[in-house]
Amino acid sequence: MGPGLLLRQARQQLLGCPETRGPPRAQERAVPIIPKQQEQTEKDLLLWRIRHSTAHLMAQAVQDLFPGTRLGFGPPVRNGFYYDFETEHPFSDADLKRIEKRMRELRKARAPFLRREITRADALALFRGQGEHLKAEHVETLEDGTITLYQSGSFQDLCAGPHVEHTGELQHFKLLGVSGSYWRGDEHRERLQRIHGTAWSTKQELKEHLGRLQEAKRRDHRILGRQLGLFEFPELAGPGLPFYLPNGALVMEEMKRWMWQLHVSGAYGHPDKPYEPLLTPHILRTEAWHTSGHIQNYRENMYMVYSLDELDHGLLKGAAGEGLGNYGLKPMNCPGHVMVFGLGKKSYRDLPTRYFEFGTVYRYERSGTLHGMLRVRGFTQDDAHIFCTPEQYPSEVEGVFDFCCHVLDTFGFDYHVGLKTRGEKRIGSDDIWDMAEDGLRSVLEKRAAGKYYVQEGDATFYGPKVDFVIKDSLGREWQGGTIQLDFNLPRRFDLGYIDSHGKPCRPVMIHRAIQGSFERFFGLLVEEFAGAFPLWLAPVQVRVLPIGLDQREYAQQVATALRSAGFRAQADGSAETLNKKIRSGKTAKIPYLVVVGARELEQGTITVESYFDGKLRQITALDHFVEHLAKEVAAKVARRR
RNA sequence: GCCCAUGUAGCUCAGUGGUAGAGCACCUCCUUGGUAAGGAGGAGGUCACCGGUUCAAGUCCGGUCAUGGGCUCCA
């Protein structure tokens, strides 16, 4: 059991029924956010040494089998290690087997890891002499006096260490795959091949880890999505364009209904004045995307649209001489919302103005980056833009922060929070960025002191941001909710309001999404619950199973009664055994199965089978069951196995 | 986009150059059952697509497309 699960249990005890509580209390907020940096235990350090040393062993095996292969970086990572190699030879799966075999031979030498300090000049000479130009390049970035080499057997490598005592200790490892990578992560630099593997201190741990990888497959939203009839990606439609099937559409619309309600009620984060809905177009004149800066800063992600008639007749006016066509398909909703704010004169009394829209956007994502529902090309954001005075923005950010926490806590997600600061590609002056970053930092200090982490250079081009990050079944991190400060778009669109002294002023703008995109959140939800949705979201909440022919009509009646009580219920009229019907219902992860046989028909009762709790003996009356369902839906009970 | 791998029935997968297979799902019939797969029969494939080698290609080669694991990028 990880710390995440413990936290989740503690939190569920704390939270009680989410729909009946008021705005979040400080103690609640203190619980859910998981600090990214966790203390390293002795065990972690041991594994770190094992993995790092195994990377060395692998590099030795590779250079043994493929002389002339040059080395990049080879660090330990979560659950394992990798090493980047530069070579003409493309590594195949068969090569991996050979390399692993060679590693097992080499480790038998029980070669000690010997540490040696070396001067910068000597290190440079050494690696240049060996033709290890990448290593040499790395040495150039190091300070003299801190450079160490580690030698094990015939293999030596630039390395800060520490390592295990000798290669004999490296036993429980497995090479998992080969992939492409770039030197220093820069796609303009040398193309390298990365071999990654996993390594542990005992055979049992290795076995368990490989088991967990198998288990993760059971939760994979792409597999469950197909099994449960949630969504598909028809090849003809184009990659990254999800189609919601009936079950998925039911979940999604229920989710949107809830999110809509949270916005227009303003219950979480903004009780003073709720969000107001907007509906804006999917395409805007290219000039609008110039004004917003998207053409200049986001062009690699943008789709352009044009009318074939205009194209055929040579009537297309190239936008700003770029020949881009007249319209851009929206990759973001912000320019539309900004234009709405810009309509008519605004007073300080109108602020803060909070516009939201479940806006569908399209972004050209490079083909290799697409990933089920977690990374698509067409998706719908629960997007909002808040226009406020500079004085108001800290409390606005706090409100959004609380909103995000509420939504994530409703499902009991483990998540962490990060501050992303300015990068190379940006618009606006440094003063403005200082102000924006300090503003976000002060809110984080207030709400999540010591629990957030900072990623320098990861901001958007228009402002710094706070991101909420959730992990998928394999532990990969995905950004969900986001709060982005923007002092730039208001200026680019020349937004203004009149302050209490009658003076024209520039509003501050906050871009924010709570779930991020419905698609990604949905995918993560499927993985979190292994496809067994909370009752309130389940596409089919109840399935009624008649035992025999004589109860088919009764089963229909029960299902109809449940539907008129507001639940998604269906009757199973198939000519199958009860066992088969139970199995089908459980496989479909339906929260409640109702079994009706001769006994129930006679007495006008039902027998309830719960996905999580088995037979509910205390519920025999339909009224009672309806009450039970209603309570569970209202409380948004979120259980998982 | 880059590296490696994969693509055979709706799904999961066998099939190593000689006329396309299984299980589940689907359809029909029998069975009407008390908490995780009742029985029999049937239908279903341009072996992702295009080209090449060969007397002969699901199988070998090349290209394209899609998917998976990574890199890079992001909600």
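Just so we're clear, the structure is a prediction, and the values are computed from it rather than from any experiment. Quick note: numbers below take in every heavy atom, side chains included, and nothing from hydrogens, waters or symmetry partners. Lettering of chains follows the sequences in order, A, B, ..., and the numbering in each one begins at 1.
Closest to the side chain of A:Thr577, from the set B:G38, B:C4, B:G1, is B:G38. In this structure, the nucleotide among B:G69, B:A75, B:G38 sitting nearest to the side chain of A:Val376 is B:A75. Here the side chain of A:Leu578 is nearest to one of B:G38, B:G33, B:A75, namely B:G33. Candidate nucleotides B:A37, B:A75, B:G1 were compared by shortest atom distance to the side chain of A:Arg583, and B:A37 ranks first. Out of B:G34, B:G70, B:C4, the shortest distance to the side chain of A:Ser92 is found at B:C4. Distances were taken from every side-chain heavy atom of A:Ser179 (C-beta onward) to each of B:C3, B:G34, B:A36; the shortest belongs to B:C3. The listed nucleotides are B:G34, B:C73, B:U35; the one nearest the side chain of A:Glu365 is B:C73. Checked against B:G34, B:A75, B:G70, the side chain of A:Thr607 finds its nearest nucleotide in B:G34. Residue A:Thr369 places its side chain closer to B:U72 than to any other of B:G34, B:U72, B:G69. With B:A5, B:G38, B:C71 as the choices, the nucleotide that has an atom nearest any side-chain atom of A:Ser181 turns out to be B:C71.
Checked for salt-bridge contact, A:Arg218 and A:Glu215 meet the test: a charged N lies under 4.0 Å from a carboxylate O. The pair A:Arg257-A:Glu254 meets the salt-bridge criterion, with a side-chain N (NZ, NE, NH1 or NH2) lying under 4.0 Å from an Asp/Glu carboxylate O. A:Arg70 and A:Glu190 are not joined by a salt bridge, as no carboxylate oxygen comes within less than 4.0 angstrom of a charged side-chain nitrogen. Checked for salt-bridge contact, A:Arg366 and A:Glu300 miss the test: no charged N lies under 4.0 Å from a carboxylate O.
Residue A:Lys420 is out of contact with every strand shown, counting any heavy-atom pair closer than 4.0 Å. At a threshold of 4.0 angstrom between heavy atoms, the contacts of A:Gly585 with the nucleic acid are absent. A:Gln479 comes within 4.0 angstrom of sugar-phosphate atoms only, judged by non-hydrogen atoms across all strands, and of no base. A:Tyr611 comes within 4.0 angstrom of no nucleic acid atom, judged by non-hydrogen atoms across all strands. Across all strands shown, A:Pro90 has heavy atoms under 4.0 Å from sugar-phosphate atoms exclusively, and none from any base. At a threshold of 4.0 angstrom between heavy atoms, the contacts of A:Gln227 with the nucleic acid are absent. No engagement by A:Arg184 is indicated, since no non-hydrogen atom pair under 4.0 Å with the nucleic acid exists. Using a 4.0 Å heavy-atom distance criterion, A:Arg599 is classed as a base contact. If you check every strand for non-hydrogen atoms under 4.0 Å, A:Gly378 touches nothing.
Put simply, the side chain of A:Glu600 and the base of B:G34 share a donor and an acceptor less than 3.5 Å apart. With hydrogens and angles ignored, a donor-acceptor pair closer than 3.5 Å exists between the side chain of A:Arg520 and the base of B:C74. Side-chain to base pairing of A:Tyr182 with B:G70: no donor and acceptor N or O lie closer than 3.5 Å to each other. Side-chain atoms of A:Arg366 stay outside donor-acceptor range of the base of B:C2, with no qualifying N/O pair under 3.5 Å.
Annotation: B:C11 and B:A25 have their P atoms spaced 15 Å apart (nearest Å). Look at the P atom in both B:G7 and B:C60: the space between them is 10 Å, to the nearest Å. Across the C1' atoms, B:C29 and B:A43 are found 15 Å apart, a figure rounded to whole Å.
A 3.5 Å limit on both hydrogen-bonding distances identifies B:U6 as the Watson-Crick or G-U partner of B:A66. With a cut-off of 3.5 Å on both pairing distances, the Watson-Crick or G-U wobble partner of B:C13 is B:G21. B:A40 is paired with B:U28 under the Watson-Crick or G-U wobble criterion, all donor-acceptor distances under 3.5 Å. Base pairing of B:C74: no nucleotide in any strand meets the Watson-Crick or G-U wobble criterion (both distances under 3.5 Å).
Here the shortest heavy-atom pairing between A:Leu622 and A:Val558 reads CD1-CG1, 4.0 Å.
Here the P atom of nucleotide B:U72 and the CG atom of A:Leu192 are 11 Å apart, to the nearest Å.
None of A:Trp183, A:Phe81, A:Phe85, A:Tyr82 except one satisfies the ring pair (Phe, Tyr, Trp, His ring centres under 6.0 Å) rule with A:Phe73; the exception is A:Trp183.
Ring-centre distance between A:His56 and A:His52: below the 6.0 Å cut-off.
Nucleotides of RNA chain B nearest to A:Arg226 and A:Trp478 differ in position, and the one nearer the 5' end is that of A:Arg226.
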